[in-house]
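Scope of the values below: all heavy atoms of this structure, side chains included, with no hydrogens, waters or symmetry mates. In what follows, chains carry the letters A, B, and so on, assigned in the order in which the sequence lines appear, proteins first and then strands, with residues in each chain numbered from 1. Just so it is clear, the structure is predicted and the values come from calculations on it, not from any experiment.
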Number of protein chains: 4
Amino acid sequence: MTEDVPIAETRRGRPRSAAAHQAVLAATARLLTCGDLEYDDLTVEGIAAEAGVGKQTIYRWWPQKAAVVLEALLTGHLQLDFAQVPDTGDLRADLHTWVDQTLDEAFTEGYRSMARSLISALLAGAAHNEGFQAVTRIWEDSPVADRLRQEREAGHLRADLDASSAAAAIASPLVLRLLTSGRPEAAWAHALVDTALDGARTR
Amino acid sequence: MTEDVPIAETRRGRPRSAAAHQAVLAATARLLTCGDLEYDDLTVEGIAAEAGVGKQTIYRWWPQKAAVVLEALLTGHLQLDFAQVPDTGDLRADLHTWVDQTLDEAFTEGYRSMARSLISALLAGAAHNEGFQAVTRIWEDSPVADRLRQEREAGHLRADLDASSAAAAIASPLVLRLLTSGRPEAAWAHALVDTALDGARTR
Amino acid sequence: MTEDVPIAETRRGRPRSAAAHQAVLAATARLLTCGDLEYDDLTVEGIAAEAGVGKQTIYRWWPQKAAVVLEALLTGHLQLDFAQVPDTGDLRADLHTWVDQTLDEAFTEGYRSMARSLISALLAGAAHNEGFQAVTRIWEDSPVADRLRQEREAGHLRADLDASSAAAAIASPLVLRLLTSGRPEAAWAHALVDTALDGARTR
Amino acid sequence: MTEDVPIAETRRGRPRSAAAHQAVLAATARLLTCGDLEYDDLTVEGIAAEAGVGKQTIYRWWPQKAAVVLEALLTGHLQLDFAQVPDTGDLRADLHTWVDQTLDEAFTEGYRSMARSLISALLAGAAHNEGFQAVTRIWEDSPVADRLRQEREAGHLRADLDASSAAAAIASPLVLRLLTSGRPEAAWAHALVDTALDGARTR
DNA sequence: AGGTAAGCGAGACGGTACGTCGTGTCTTTTG
DNA sequence: CAAAAGACACGACGTACCGTCTCGCTTACCT
């Protein structure tokens, strides 16, 4: 996030306080996680206060609020991972289970506000900042993609399968539904898995 | 958006001005479309000024900025539709074409800021407002869903296919990519179509 | 205030409501008296609501808020009289008593807010409206003036005494002190009476 | 106005900008004096704009509009002093002259709107704010009081005369008249002086 | 060892927009 | 046809944050 290319160029003056840096990221994560704070309600002043840090210290190191959130995300202060895909040997059943689990978790109250925080951050930041593209990895490089790759190697799936794309076909619709507050029916979600596995065409 | 339950309950006092109502929606669309205005830069005061309307009139009828934008969207003042799916008889080729077209359009500058406007509005609003679920229709009831239904009726697709779900498997990943500013590679997008049609499994 | 000369001229349509007129004045007095409402906090909307009357009905008959208050004052809906001057035969003692009483009353909480309401109204109105000069009568034609006139007729005071002016010399300083929230010392107030009776010059 | 208790308590953070402080007072005086602005028409937003200052800066230091005006008054940014009392040796003639001058000045248009500004400020503020009692000094510590004190020391007036009280007996009625827009007759005003000097009683 | 160049918490600064409130006008239905 | 109800355009209110700017420190390198 912050350009840290100290090419032997020893900086003069007081060095950056690592403590302040961490405090900011931790405060950000704390506010988004525990509080009932949406991303939009998150303020730089609020972060500074929570972190016990001067506002200027934040502006010195991050160009905008979204950058703070993104760094909190990428450094793991803010966790937003999907559940693991179980492995019973039956891919279809495993993915159905994963989809159900994911929806269960997603529509748990605490999680949802955090998830929306993430996506709001993503959007607000991504609109103007190239670095934010990384966020798509969250669903495109999800455990689902790993499993699909693994099954492909085992020869159970098409050899030319684009695992990332196929994972996105399952996870992206779920993410968008998660954001719009309407929990989809299980059948709809299972159909996503079935379509991705079997295709729409008659076999 | 506005409760229109005309239970013969004749309202007293001056009736709501349809002109003001329309002026607000039109002004909103005008600002987002023609101007170089992002959703975040759109202000209630700005809408009121552009519409020649009192600020209070907006707050009287819409709880938040996002609701105004949503209504502008749903009433067609703000157009954000997907392209039509061409019909050459070859479903796969048609969908590939549609995907390419959609990405071309989406990564046109003017369109993108408007599209992000939509989704930001959606998110800010959807988090707390049940009415906003309607926004999912934009991609789940897209022309792709219609085409899939039509092909299913013609017997070219599985009879038990959930067309909405399958359309989402194609459109949702595109929407999310659109929001995160990184244009996906054509191969990735085509793979979405192929997975949806043929499935991941070996046939 | 309002021309109410319905000279047998049978008007068509719904007759003007005397009840509404009275209700407005009564509501005004009620709000200023009982409530903890200052004049500035008094609103036309508030009066209309309290009176169960349309806002327009008020604007139809009075040009401004101050005019309503003034009429309430002049018609006695709003009482703001000074205490009577006792008559023990000793003018000086009587005026000292009156001054003490007036201050006691004035610095009673309920009274003060009403009195300030009056004066605020007076000022707001008087600045732009000739009719408001009448308000000066409250202190210049106070019971003190009457008593001075009476004593002058009895030959106890100078025959050429301007009773109104002399009464003002006593009452006006009290009124201004009342408005500025600092209760004057009794000695200062008694000195007002003594100066007015004996003059500043050595005798 | 602002608590200036410099208890060696070194304040942290950026110190208050004296420039902004002065700019606000100057702008207030400028608007009330030069403009055709009544006190009621004076807005905090207007002051901020005229002063080139953020609105919050005003609210940070003054609780209400009236307090700004009062401070402008007390610091001399806004001049509202009475004329000097001439000194020809003849006290009565001098006071008559002063009264006439004061009324002439008071009923000059420019002055009056400013004067009402003062009193409106006074009232709105004084009702709830102890600090506003200072305003009474404007008429009770007027040049008249000084002159009376001086004459008392010279033995021309009663040794026990309360000069402040006697000055109030002359000035307060004038102030109230000034506020209620009716210019009193000269005779009435002269009678005030005569009563204050000679008393009402027959000598 | 002292000088000096940052960084630090704090918080005031000029701004912009917020969402609310009150004004005085207007347009309905009701009596 | 006036009165009630209440929506309307307008504009000020007081608040919340923005991103910038002093302050008086503290820290750690560099003479």
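Within the structure, every side-chain polar atom (N or O) of C:Arg60 is placed at least 4.0 Å from both OP1 and OP2 of F:dA2. Listed pair D:Thr57 / E:dG14 meets the phosphate criterion, a side-chain N or O lying under 4.0 Å from OP1 or OP2. The side chain of A:Trp61 places no N or O atom within less than 4.0 Å of a non-bridging phosphate oxygen (OP1 or OP2) of E:dA6.
Judged by distance alone, with hydrogens and angles left aside, A:Lys55 brings a side-chain donor or acceptor within reach of the base of F:dG19, the pair sitting under 3.5 Å. Between the base of E:dT28 and the side chain of B:Arg12 there is no donor-acceptor pair shorter than 3.5 Å. One donor-acceptor pair, N or O on each side, does fall under 3.5 Å between the base of E:dC26 and the side chain of B:Arg14.
Looking at which nucleotide of DNA chain E each of D:Ser17 and A:Val53 is closest to, the 5′-most match is held by A:Val53. Along DNA chain F, the nucleotide closest to D:Val44 and the one closest to B:Ala20 are compared, and the more 5′ of them pairs with B:Ala20. Residue whose closest nucleotide on DNA chain F sits further toward the 5' end, between A:Glu45 and B:Pro15: B:Pro15.
Distance D:His21 NE2 to F:dT22 C1': 19 Å, rounded to the nearest Å. Computed from coordinates, the C:Asp41 CG to E:dC21 P distance equals 14 Å when rounded to whole Å. Rounded to a whole Å, the OH atom of D:Tyr39 is 14 Å from the C1' atom of F:dA12. Atoms OH (B:Tyr59) and P (E:dA17) sit 12 Å apart, rounded to a whole Å. Put simply, CH2 on B:Trp62 is 14 Å from P on F:dA7, counting in whole angstrom units. The CD atom of C:Gln56 sits 17 Å away from the P atom of F:dC1 (whole-angstrom rounding). The separation between B:Ile58 atom CD1 and E:dT20 atom P is 13 Å, rounded to whole Å. Atom C1' of nucleotide E:dT16 and atom CG of B:Leu37 are separated by 14 Å, given to the nearest angstrom.
In this structure, the side chain of B:Lys55 does not engage the main chain of B:Val44 through any donor-acceptor pair within 3.5 Å.
From C:Ile58, atom CD1 reaches atom CD of C:Glu45 across 9.5 Å, with rounding to the nearest 0.5 Å. To the nearest 0.5 Å, the span separating CG on D:Leu37 from OG1 on D:Thr43 amounts to 7.5 Å.
Here D:Gly46 lies out of heavy-atom contact (under 4.0 Å) with every strand.
Donor-acceptor pairing under 3.5 Å is recorded for the side chains of D:Gln22 and D:His77.
Taking both residues in full, the closest heavy atoms of C:Lys65 and C:Leu42 are given as NZ-O, 2.9 Å, listed atom of the first, atom of the second, then distance.
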